[in-house]
Enquirer: 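The structure under discussion is supplied below as structure tokens; questions concerning it will follow.
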Amino acid sequence: MILASQLRRAFAVGLLAGAALSLAILGASRARADNGDDARAILKAMSDYVSSQKSIAATFNTDIEVITPDLQKIQFDSSGQLQLNRPDKLHASRTGGYTDVELFFDGKTFVVANRKDNLFTQVDAPGSLDQIVEKIRKELGVDLPGADLFLSNPYQVLSADVIDAKHIGRGVINGVECEHLAFRNDDTDWQLWVQAGATPIPCKFVITSKATTSGPQYTLLITDWTSDAAIPPEAFSYKAPDGAKKVEFDSLSAIDEVPPGVIKGSKQ
Amino acid sequence: MIISGGTPKYRKLALICSVALLTIASTPVWAQTAEEQERSYRREAMEQALQTRERYNLYGLHFDSDKATIQPESKSLLDDIATSLKNFPDWEVRIVGHTDSTADAQHNLQLSVDRALAVKTALVDRGVEPKRLTAEGVGESKPIASNATPDGRALNRRVELDRVTNSAEAKKLLKAMSDFLAAQKSLSAGFDTVWEVVTPTDQKLGLASSGTVTLVRPDKVRVARSGGFADFEILFNGKTLTLLGKNANLYTQAAAPGTVDQLIDELRDKYNRPLPGADLLMTDSYGELMQDVYDSKDLGSGVVNGVECDTLAFRKKDVDWQIWIAQGDHPYPCRFVVTSKMAGGDPQYTIQFRDWKFGGDVAADDFVFKNASNAKEVALKDVQDKLADLPANFTMGAAK
């Protein structure tokens, strides 16, 4: 084939967005001074918009990265959906290769169901969405990293410990143009993509750990979003399937995003 | 945002860190000098590391200065490794040589290769089957300590042992995907890509784009992609390659007779341009992807955008990669991630596919450039800047 070498180069960069991975940016100074106000304003707009939605239905994909003992970074993927009615109703499910887990909260009772093994746990926890998220994190030790986006004041929670904020520019996710924001905290960096325009919904949320040099990440990709969805009240109550067994939370097993035993040598 | 009531809110991330720190703790290279590590060498520790697939640094192994000759006092260590490999006949091991940065990089690379080969030869001499051992050198490219001090340089001069996994199932699943895609005369998909870059202050940023690809074998392809900083289309019809920059409304064309395979091959082999997503379009994607792979793992199921997939992970010298392949009769790729091991922060390139269509379901395309937007034709050099992935205020630097 006869091609100008320059054309080859441009084509190479463009074909499927592949470019030399080994390149690192050495100078990323922005053309104009950026004190982070722009990024914070967009974060605040997202926060105001999402918290003003009385009900939300969304589907999502998550991946979490782990580092193996021989320093291989591996991702585990799950998909799920979320329904919420403010101030105190929540239904979420997540299916991964090893897990099939569902959450229900109707303002009074909180249920976690392991659908794979037909087990569930039930806790009386009257309160708001914010309170139940707090309780899940503190008492059950489950992270729910994406839940910050859905609390009553996401801006306050997300921006609390930010030491650096940047508006990188725009990116396109699932065909939708988004504002790309990057924030730094002491222990983690995080990025958020917010839909550009009049409906500033979150499209993607990435948290990067800074504790190791390979920077493992957690990614939440929101694939579909409906505001003011008509969600029937029964969606928030658990109806135990035949043979479902009620257990303590610690006995639910297999609700994690990372399959057990994967760190020490995976199956061959 | 992370601290709530004194405990890290994101416990999972803490878990990830602890896994990695565990790794560091068991090879405490920053805490000890090479001499101390050497004294702490025990055969049990080496065997344990291989058992759990943990990277093991052979600090007790000594070479003549600037040579690949193993010194006589290291013989007992080699005897130990050979004995372990005989005790566990299914283990396969990768031997990786490293140097400090004293001499020039090319010389160091050769020295590290020669030293790894010397270890392999010594183990083969002790009765280990050659096919269970691979030897490789990476020169001074992967230091674990500062090259500014004698202690640091001693730590950097090392030979690592990695026990590799060789999963026949992973290869079989990948081959099935490759065969399935090769059998599709026409195919189309939407995709999302993320290209990660690392800033000088070690902040990792992901640049996100969306696009579509339509391929008719053997020689027609149309790719459209829009990102925050670029919006363009590439059209190839077996004869002419057209590149359209939509933001600037400029296009350029060049004669390029051949197949899509030839086009991609030429780009990569001659011009050393990695095209991670393009490998999947080639008729022998299995052969392309598996080139130089030394480790393969079947990680079981994963769910990508609601589709249940087989998750496979592979390792090469400079990159690791992971692929998710849909389970069932249509084993198409759902997601493909390439992780660079050459740059700090291990940045990744990710492509995630959606809306795969095959055969008659693919929308008709004559692959003729119609110039619907009245774009102006220019020479390539005039559009190239506008097709970059990065905004103008990002400056590219060479690999770390």
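We name chains A, B, ... by the order of the sequence lines, and we start the count at 1 in each one.
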Enquirer: Report yes if the side chains of B:Glu54 and A:Thr68 come closer than 4.5 Å at any heavy-atom pair, otherwise no.
Expert: no
Enquirer: With rounding to the nearest 0.5 Å, note down the distance linking CG in B:Leu205 to CG in A:Leu181.
Expert: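 CG of A:Leu181 is found 11.0 Å from CG of B:Leu205.
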Enquirer: Does atom CD of B:Gln327 have more than 12 heavy-atom neighbours, drawn from other residues, nucleotides or ligands, at distances under 6.0 Å?
Expert: yes
Enquirer: Work out which heavy atom in A:Trp193 is nearest to a heavy atom in B:Ala208; give both atom names and the distance.
Expert: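 A:Trp193 and B:Ala208 have their closest heavy atoms at NE1-CB, 4.0 Å.
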Enquirer: Identify which of B:Glu308, B:Glu160, B:Arg315, B:Glu233 forms the greatest number of heavy-atom pairs closer than 4.5 Å to chain A.
Expert: B:Arg315
Enquirer: When heavy-atom pairs shorter than 4.5 Å are enumerated against chain B, which of A:Ile173, A:Asn174, A:Thr62 gives the highest number?
Expert: A:Asn174
Enquirer: Ignoring hydrogens, what is the shortest heavy-atom contact between A:His180 and B:Gly206? Give both atom names and the distance.
Expert: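 Shortest heavy-atom separation between A:His180 and B:Gly206 comes out as CE1-O, 2.9 Å.
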Enquirer: Select one option (side chain, backbone, both, neither) describing which atoms of B:Asp295 are under 4.5 Å from chain A's heavy atoms.
Expert: side chain
Enquirer: Looking only at heavy atoms and a cut-off of under 4.5 Å, which of A:Arg170, A:Gln75, A:Arg94 has the most pairs with chain B?
Expert: A:Gln75
Enquirer: Rounded to the nearest 0.5 Å, what separation is found between the CD1 atom of A:Ile168 and the CG atom of B:Leu207?
Expert: 8.0 Å
Enquirer: Under the side chain to side chain contact (heavy atoms under 4.5 Å, CB included) rule, collect the residues that match up with B:Asn305, sequence neighbours excluded.
Expert: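 Scan of B:Asn305 (side chain to side chain contact (heavy atoms under 4.5 Å, CB included), adjacent residues dropped) gives A:Asn61, A:Thr223, B:Gln352.
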Enquirer: Any Lys/Arg nitrogen of B:Asp202 or A:Lys210 sitting under 4.0 Å from an Asp/Glu carboxylate oxygen of the other?
Expert: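 Salt bridge flag = no for A:Lys210 with B:Asp202.
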Enquirer: Would you give the length of the straight line joining atom CG of B:Asp346 to atom CD of A:Glu65, rounded to the nearest 0.5 angstrom?
Expert: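 With rounding to 0.5 Å, CG (B:Asp346) is 9.0 Å from CD (A:Glu65).
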Enquirer: Is it the side chain or the backbone of A:Phe183 that comes within 4.5 Å of chain B heavy atoms, both, or neither?
Expert: backbone
Enquirer: On a heavy-atom basis, which atom in A:Gly175 and which in B:Ser210 lie closest, and how many Å separate them?
Expert: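 Between these two residues, the closest heavy atoms are N-OG, 2.7 Å.
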Enquirer: Select one option (side chain, backbone, both, neither) describing which atoms of B:Val304 are under 4.5 Å from chain A's heavy atoms.
Expert: both
Enquirer: Which bit of B:Ser296 comes within less than 4.5 Å of chain A, counting heavy atoms only: side chain, backbone, both or neither?
Expert: neither
Enquirer: How many angstroms lie between atom CG of A:Asp70 and atom CZ of B:Arg94, to the nearest 0.5 angstrom?
Expert: 10.0 Å
Enquirer: Looking at every non-hydrogen atom in both residues, tell me the closest pair between B:Asp320 and A:Gln72 and how far apart they are.
Expert: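 Of all heavy-atom pairs spanning B:Asp320 and A:Gln72, the closest is OD2-CG, 3.7 Å.
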Enquirer: Can A:Lys73 and B:Gln322 be counted as having a side-chain donor-acceptor contact under 3.5 angstrom?
Expert: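 No pair is found: no donor N or O on one side chain lies under 3.5 Å from an acceptor on the other.
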Enquirer: If I measure from the heavy atoms of chain B, does A:Asp164 come under 4.5 Å with its side chain, its backbone, both, or neither?
Expert: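 Answer is side chain: those atoms of A:Asp164 sit under 4.5 Å from chain B.
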Enquirer: Grab the two heavy atoms, one from A:Ser79 and one from B:Gly306, that are nearest each other, plus how far apart they are.
Expert: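 Taking A:Ser79 first and B:Gly306 second, the nearest heavy atoms are OG-N, 2.7 Å.
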Enquirer: Starting from the C-alpha separation in whole Å, work towards a yes-or-no answer on side chain to side chain donor-acceptor pair (under 3.5 Å) for A:Gln191 and B:Lys204.
Expert: CA-CA 9 Å; A:Gln191 299 173 79; B:Lys204 197 151 56 176; over 6 Å; no
Enquirer: Name the member of A:Val172, A:Leu221, A:Val206 that forms the most heavy-atom pairs with chain B at distances under 4.5 Å.
Expert: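 Ranked by heavy-atom pairs under 4.5 Å with chain B, first place is A:Val172.
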Enquirer: Would you please test A:Asp63 and B:Arg335 for salt bridge (charged side-chain N to carboxylate O under 4.0 Å, His left out) and show each step?
Expert: CA-CA 11 Å; A:Asp63 62 79; B:Arg335 178 183 175 91; 2.7 Å; yes
Enquirer: Name the member of A:Gly80, A:Gly171, A:Cys178, A:Ala196 that forms the most heavy-atom pairs with chain B at distances under 4.5 Å.
Expert: A:Gly171
Enquirer: Would a 4.5 Å heavy-atom cut-off, applied to side chains only, mark B:Trp324 and A:Asp77 as touching?
Expert: yes
